[in-house]
Amino acid sequence: MRHLMSPLDFTVEELDKLFDLANDIEKNPSKYAHSCDGKTLATCFYEPSTRTRLSFEAAMINLGGSVLGFSSANASSAAKGESVSDTIRTISCYSDICAMRHPKEGAPMVAAAKSGIPVINAGDGGHQHPTQTLTDLLTIRSLKGRLNNFTIGLCGDLKFGRTVHSLINALIRYDNISFIFISPEELRIPDYITEKLKELNIPYEEVIRLEDVMPNLDLLYMTRVQRERFFNEEDYIRLKDFYILNKDKMALAKDDMLVLHPLPRVNEISVEVDDDPRAAYFRQVQYGVYVRMALILTLLEIEV
Ligand code: NCD
């Protein structure tokens, strides 16, 4: 039985197969409409979410399956002190596959160790968010036709943003990728990541001003300042509007640069950018459903 804890759980070849499947689902949705008839997905969310939980649910419904679950720790027996290990053993009796989000790093892995069904990490604290990364990679591959030869700028909360950590981890396996990390001093990318890039000889630079690097980027990955992971509200207020991507900044970028964002957005992308053809963040949401459909089929070993 296979779980998904990190994007690295799949080889590059396995990812290619997964993305081919997702693109086929995009083109021929009706072919897959009954492939999970009789199967149930559980969504166990100990932390808030809109897209991730609902896109898992939409994915299973589109495949003909059913869904059950909870959307906050307060609405589950976690509020009574139940461990994730006990919860997953219970959920294993009710469903065939589980997507779990938890504020504690590693919690989905603890669950997977005791689970009778495949567990998908749907975000664990500031650590990893593999299905967002699959979404990001599928979006880039579908819209650009490749996953190599890019300069990617990652901008915003690079310290606490798990989507950023997961995406870097996944992209370093492709050729000729260079990173530009754009953040205020306090929200810099963690050292363990830059250490790894140095070790692998992967080029990166760290800058504070977005304007300075905008013309160099093929991809710009914007992120929200992760309020819930701050220790004090004052720091959050000081840093929350540090970056605001607007039309003026977009005018400095290449004509075919893509803007990605895992969403939710707060103020970091002005709504005036939404109509720019380079803004890909809502298309990204749609790719998130296709890739989760492909993932469910793959982990349940269902051939269509
Ligand atoms: C991200 C997350 O939960 O880490 N959202 C998502 O799943 N699309 C990003 C965020 O919350 O900022």
Side-chain angles (χ1 to χ4, degrees), residues 4-7 22 41 43-59 69-73 98-109 119-140 152-170 181-184 186-187 189-190 193 219-230 235-236 239-245 258-269 274 279-293 295:
L4 178 72
M5 293 297 126
S6 145
L41 164 84
T43 51
C44 299
F45 275 56
Y46 295 83
E47 214 187 43
S49 164
T50 309
R51 265 150 303 275
T52 304
R53 186 171 58 83
L54 295 183
S55 71
F56 266 114
E57 297 192 357
F70 53 86
S71 57
S72 79
C98 170
M100 178 178 285
R101 168 171 289 192
H102 203 286
K104 282 207 189 111
E105 280 85 1
M109 199 179 271
V119 177
I120 300 167
N121 176 6
D124 61 329
H127 186 218
Q128 294 277 325
H129 192 343
T131 61
Q132 182 63 47
T133 298
L134 299 183
T135 301
D136 302 338
L137 296 179
L138 175 65
T139 307
I140 298 168
I152 177 167
L154 296 116
C155 175
D157 188 344
L158 308 186
K159 179 176 181 187
F160 296 115
R162 57 190 169 197
T163 59
V164 168
H165 306 156
S166 265
L167 181 58
I168 296 168
N169 235 333
F181 300 125
I182 308 145
S183 74
E186 295 90 331
L187 300 178
I189 193 85
I193 293 183
L219 303 165
L220 172 59
Y221 197 89
M222 294 296 296
T223 62
R224 166 181 77 88
V225 177
Q226 306 278 299
R227 178 182 204 159
E228 64 278 32
R229 309 208 198 284
F230 272 69
D235 286 348
Y236 169 72
L239 294 168
K240 73 184 173 69
D241 292 329
F242 203 92
Y243 297 108
I244 300 181
L245 182 65
L258 287 184
V259 184
L260 301 168
H261 191 307
L263 304 179
R265 134 177 84 182
V266 187
N267 285 329
E268 59 280 357
I269 303 180
D274 295 358
Y281 29 93
F282 289 113
R283 281 175 280 168
Q284 203 176 343
V285 176
Q286 183 64 62
Y287 283 116
V289 180
Y290 300 137
V291 91
R292 288 183 175 94
M293 289 171 75
L295 179 65

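Please read all numbers here as calculations on a predicted model, not as lab measurements. First listed ligand is number 1; within each ligand, the first listed atom is number 1.
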Practice problem: Give me the ring orientation class for Phe230 and Phe160: parallel if the planes are under 30° apart, tilted from 30 to 60°, perpendicular past 60°. | Solution: tilted
Self-check item: Distance-only donor-acceptor check, side chains His129 and Arg101, under 3.5 Å
Solution: yes
Exercise. Find all atoms of ligand 1 within a distance of less than 4.0 Å from any non-hydrogen atom belonging to Arg101, and give their numbers and elements.
Key: 3 (O), 7 (O)
Quiz prompt | Residue list, side-chain contact (heavy atoms from CB on, under 4.5 Å) with Ala107, at least two apart or on another chain | solution = His102, Lys104
Quiz item: Nearest protein heavy-atom contact for atom 4 (O) of ligand 1: which residue, which atom, what distance?
Solution: Arg162 NE, 2.8 Å
Quiz item: What are the atoms of ligand 1, with element, lying closer than 4.0 Å to any heavy atom of Arg224?
Solution: 10 (C), 11 (O), 12 (O)
Self-check item: From CG (Leu220) to CE (Met222), nearest 0.5 Å
Solution: 5.5 Å
Quiz item: Measuring from Phe181:CZ to Leu154:CG, what's the distance to the nearest 0.5 Å?
Solution: 6.0 Å
Quiz item: Has Arg292 got its NZ or CZ under 6.0 Å from the middle of the six-membered ring of Phe56, at an angle within 45 degrees of the ring axis?
Solution: yes
Quiz item: Non-hydrogen atoms of Gly123 versus ligand 1: any pair closer than 4.0 Å?
Solution: no
Quiz item: Is there any N or O on Pro262 that sits under 3.5 Å from an N or O of ligand 1?
Solution: yes
Self-check item: Heavy-atom nearest neighbour in the protein, as seen from atom 6 (C) of ligand 1, with distance rounded to 0.1 Å
Solution: Leu263 O, 3.4 Å
Exercise. Considering the heavy atoms of Thr52, write down every atom of ligand 1 situated less than 4.0 Å from one of them.
Key: 6 (C), 7 (O)
Exercise. Output yes when the distance from some N or O of ligand 1 to some N or O of His129 is under 3.5 Å, and no in every other case.
Key: yes
Practice problem: Please work out whether any backbone atom (N, CA, C, O) or any side-chain heavy atom from C-beta onward of Thr163 is under 4.0 Å from ligand 1, and answer side chain, backbone, both or neither. | Solution: side chain
